[in-house]
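Heavy-atom basis, side chains included; hydrogens, waters and symmetry copies ignored. Numbering of residues begins at 1 and proceeds along the displayed sequence. Start at 1 and go down the list; that is how both ligands and their atoms are numbered.
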Amino acid sequence: MTIEIADVIITSPGRNFVTLKITTSDGIVGWGDATLNGRELAVASYLSDHVASTLVGRDEDRIEDTWQYLYRGPYWRRGPVTMAAIAAVDMALWDIKAKKAGMPLYQLLGGASREGVRVYAHASGTDYAALKNAISGYEELGFTAVRVQTGVPGLGQIYGVSAAGPGVRYDYEPAKRSGDRPSEESWDTRNYLNHMPGIFAQIREDFGSDLRILHDGHHRMSPIEAARFAKDIEPYDLFWLEDCTPGEDQTALRLVRQHSTTPLAIGEVFNSVFDYQTLITERLIDYVRSAVTHTGGITAMKKLLDFAAIYGIKSGIHGPTDISPVGMAAALHLDLAIHNFGIQEYMPHNEQTLEVFQTSFTFDRGFLHPGDQPGLGVELDEDAAAGHEYTKAYLPVNRLLDGTVHDW
Ligand code: KDG
Ligand code: MG
């Protein structure tokens, strides 16, 4: 059997998604997520203009060979656009292989290593009262781990804080449909560093020591600022501090490590195992944060996580709403199968999205399971998808209070 058609489907049920549909000559369909937030059409073009025709006639079972053909073949390699496109092909081929085997994908990856995967939710609030309310709401829903983000005095809307008001928000969405250019936010690291330790202290006082607390610095600190912050917050026992420094400088985390035992996570903007080479071999991180969608798919992520395992480093796969339910399913199958699972990010998609993508995930007291449908367990309803036209959306741009462009 061979690949007969590779189609790209763009849909926007509240937010944009790019999905690859591969159909084999005997009619089996596989789905792959190719969504790159704010740059969706670049990946769609990469797939439909440069990849789709090269897939036709290939043996759908030769996943490793197809991966190498797409990675090494074009000469130009890596980068988020290329690696999201390769990821989509890879996921779709694994989906097909598992459907042909009549098994959920995790069985082909070695079978379940656990009963379910612990997930963390996004709790946020413009002030501590709103944040506390959100954390309580997630605890009531059964979550045992929450990422906490809150407003900082002197700053307006900032990364990670839902603009929708207090309470449990499933739909925090940073990409804004703001017309032809991104919206802008402002930032001051000094205000942030002065404010956040007190927030963690209050959370520990109000919620005790069992709750797993995570926090995302979103690449905004210099190495020495991050080192000081990681040291200051040690008493509050974070599960992890994520993306404390800009992602492209692997050696920045040496400084943070020298000064603190706060566990570190990084990698959502990475797209290759080579982005982690120093971080893993020098044990500068504790969790790998790549998205399956942005790091070359299941084939590449399995190798990356096996490499990390040798150094005692665990997974913390990226799972925001800009990862489609197909990409989320790929993450959940890997999470269930690998030995060095750490935690999985979970921002449930809105109802419109779940009408387009039918999932078989189950949530039980803080743990997700990908379900036992053959394949990834997610099917895209093409009629429903066609009802949601692509709408340009951008991630915000961030400026310091004096107007200097800063990392968002
Ligand atoms: O597209 C960007 C988002 O996925 C990112 O800002 C979310 O940092 C993020 C996270 O940890 O989920
Ligand atoms: Mg993040």
Exercise for the section: Work out whether the distance between some heavy atom of Met347 and some atom of ligand 1 is less than 4.0 Å. Expected result: no
Problem - ring pair (Phe, Tyr, Trp, His ring centres under 6.0 Å) partner of His349, chosen from Phe17, Phe361, Phe357 - result: Phe17
Handout entry: atom 12 (O) of ligand 1: nearest protein contact (heavy atom, Å)
Key = Glu345 OE2, 2.4 Å
Practice task
State whether the shortest distance between N or O atoms of His218 and N or O atoms of ligand 1 falls below 3.5 angstrom.
Solution key: yes
Completion exercise
Among the N/O/S atoms of Asp216, the Mg ion (ligand 2) lies closest to OD2
Exercise for the section: Could you tell me whether Leu395 approaches ligand 1 through its side chain, its backbone, both or neither, with non-hydrogen atoms closer than 4.0 Å? Expected result: side chain
Problem - Considering only N, O or S atoms of Glu268, the one closest to the Mg ion (ligand 2) - result: OE1
Fill in the blank from the handout: A student checking ligand 1 against Pro320 at a 4.0 Å heavy-atom cut-off should list atoms 4 (O), 12 (O)
Exercise for the section: Enumerate the atoms of ligand 1 whose separation from the nearest heavy atom of Glu268 is less than 4.0 angstrom. Expected result: 5 (C), 6 (O), 7 (C), 8 (O), 9 (C), 10 (C), 11 (O)
Problem - Whether Phe270 and Tyr276 hold their rings parallel, tilted or perpendicular, with breakpoints at 30° and 60° - result: perpendicular
Exercise for the section: Say whether Tyr120 and ligand 1 are in contact under the criterion: heavy-atom distance to a ligand atom below 4.0 Å. Expected result: no
Problem - Polar side-chain atom of Asn191 near backbone of Pro153 as donor-acceptor pair, under 3.5 Å - result: yes
Handout entry: Glu345 side chain near Ile323 side chain, heavy-atom distance below 4.5 Å
Key = no
Problem - Student check: side-chain heavy atoms of Pro13 and Glu355 closer than 4.5 Å - result: no
Handout entry: Numbered atoms of ligand 1 (with element) below 4.0 Å of Glu242, judged on heavy atoms
Key = 11 (O)
Problem - Heavy-atom side-chain contact between Ile298 and Met91 under 4.5 Å - result: yes
Practice task
Would you verify whether the NZ or CZ of Arg58 falls within 45 degrees of the ring axis of Tyr69 while also being under 6.0 Å from that six-membered ring's centre?
Solution key: yes
Exercise for the section: Number the atoms of ligand 1 from 1 as they appear, then name those within less than 4.0 Å of a heavy atom of Asn37, with their elements. Expected result: 1 (O), 2 (C)
Handout entry: Nearest non-hydrogen protein atom, atom 9 (C) of ligand 1
Key = Tyr159 OH, 2.9 Å
Exercise for the section: Using a strict 4.0 Å threshold on nitrogen-to-oxygen distance, state whether Glu205 and Lys132 make a salt bridge. Expected result: no
Handout entry: Distance-only donor-acceptor check, side chains Asp243 and His219, under 3.5 Å
Key = yes
Exercise for the section: Classify the ring geometry between Tyr71 and Trp67 as parallel (under 30°), tilted (30 to 60°) or perpendicular (over 60°). Expected result: parallel
Problem - Asp216: numbered ligand 1 atoms lying under 4.0 Å from its heavy atoms - result: 8 (O), 9 (C), 10 (C), 11 (O)
Practice task
Return the name of the atom in Glu242, of element N, O or S, nearest to the Mg ion (ligand 2).
Solution key: OE2
Exercise for the section: Below 4.0 angstrom from a heavy atom of Trp408, which ligand 1 atoms are there? Numbered from 1 as shown, please. Expected result: 6 (O)
Completion exercise
of all protein heavy atoms, closest to atom 3 (C) of ligand 1 is Asp322 OD1, 3.5 Å
Handout entry: Side-chain touch Glu268/His218, heavy atoms, less than 4.5 angstrom
Key = yes
Practice task
Any atoms of ligand 1 less than 4.0 Å from a non-hydrogen atom of His318? List them with their elements.
Solution key: 4 (O), 7 (C), 9 (C), 10 (C), 12 (O)
